[in-house]
Amino acid sequence: MNVRPAPSSFPRVDPEIAAGLDEFVALRRDLHRHPELAFQEKRTSELVARRLADWGYAVTTGVAGTGVVGTLRRGRNGRALAIRADMDALPIREATGLAYASEAQGVMHACGHDGHTTILLAAAKRLADSGQFEGALHLVFQPAEEIGAGAKAMLKEGLFERFEADAIFGLHNWPGVEEGRFGFVSGPAMAAVDRAVVRVRGRGGHGAAPQETVDPVVAAAHVVTALQTVVSRNVDPLDAGVVTVASIHGGEASNVIPEWVDLKLTTRSFRPDVRRLLQKRVPALIRAQAESFDAEAEVDYQLGFPPVVNRPAETHFAASVARDAFGPEAVIEGFRARSASEDFAYFLEKKPGCFLFIGAGERPTLHSPAYDFNDALIGPAATYWVRLAESFLL
Ligand SMILES: [Zn+2]
Ligand SMILES: [Zn+2]
């Protein structure tokens, strides 16, 4: 199996994990070859459940449809830990040309959830074989992260009532960050994502006689421009926000002023107060701007998922596990929050915990048709979960 050697900063991949690595690299590539969309992770879910059962886990399937929880209990100590991996793929046509490229038309593991699932399975096996811990370990294999629905659905089905946990941890690989190094952000670590669908309504007519129309194209153009002032003029300069108009559609012919123009936009924020400000200011500005041209705007502002907010104590703990396992150089100092979003945010609204990052090295970005998970991360990341579980469940 052709796996690039782990970087020199990782001399201490757990020997048992290192010995079984070929099997897990093959498993990751098998998952990559058979990607499944949100809530359709049937094959993946069955594969996960079967392996966990083989290794002695008490396995609960069908949590939010395709979700799986594997539980391992040792001793009588009451501590309980949850670790989460996501399983779903994206509606993207793969363009990697890899031997193990997707066999599902238009579906692709372009976010590395095949890798996250494999990492947690590799840790699961090692913890079942020889894990030194006392308490309850719940390994949560979540469906439907990409549509922001899986975590919420698992919570709705009583995840934390059925599998009591003192804290929950999760990770994401990150291209563009040095391979195998860990990033921890205390506090807001990933953005809240909301969206708005807008129709700017005017009165159509002949392109040669604009005075007889209300031109929604000109009004929409001003709306787009004015929206750029929300972050620059309304948000505190020391806070962050994003307003992106990503879609604009209206009209057909060059000589016909249309009745309406449709806009779609997304907003991102890291703090609840900034999120509320965007929720209030964006629709108000769109309506007022349209009105100034005698046009009207219908704004449907939809709240997506909240920011990922890591608790300081758990983040400190998670970073210390990486330092202890791999040395201080394994942790990136001053790692910055990411403006992407993660539905792990819902778990962190219910339980203390930390969502952390592991660098995937220089390679195509997440959600790119050229992306492929970096198999060199399986060893270090699985070792990390083992150390974290053993340190948490003392
Ligand atoms: Zn993704
Ligand atoms: Zn992802």
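In listed order, ligands and their atoms are each counted from 1.
Annotation: H34 is not in aromatic contact with H109 [ring centroid separation under 6.0 Å not met].
When only modelled atom types and interatomic distance are considered, D114 and Y100 share no side-chain donor-acceptor pair under 3.5 Å.
In this pair, H172 and H113 present their aromatic rings perpendicular. The plane angle is above 60°, beyond the 30 to 60° band.
For the Zn ion (ligand 1), the nearby protein N/O/S atoms, meaning those under 2.8 Å, are C111 SG, E146 OE1, E146 OE2, H367 NE2.
A salt bridge links D14 and R387; the closest N-O separation between the charged side-chain nitrogens and carboxylate oxygens is under 4.0 Å.
Atom CD of E157 has more than 12 heavy atoms from other residues, nucleotides or ligands within 6.0 Å.
Applying the side chain to side chain donor-acceptor pair (under 3.5 Å) rule to E298 yields the partners R201; only residues at least two apart in sequence or on another chain are considered.
Of all the N, O or S atoms in H172, the one closest to the Zn ion (ligand 2) is NE2.
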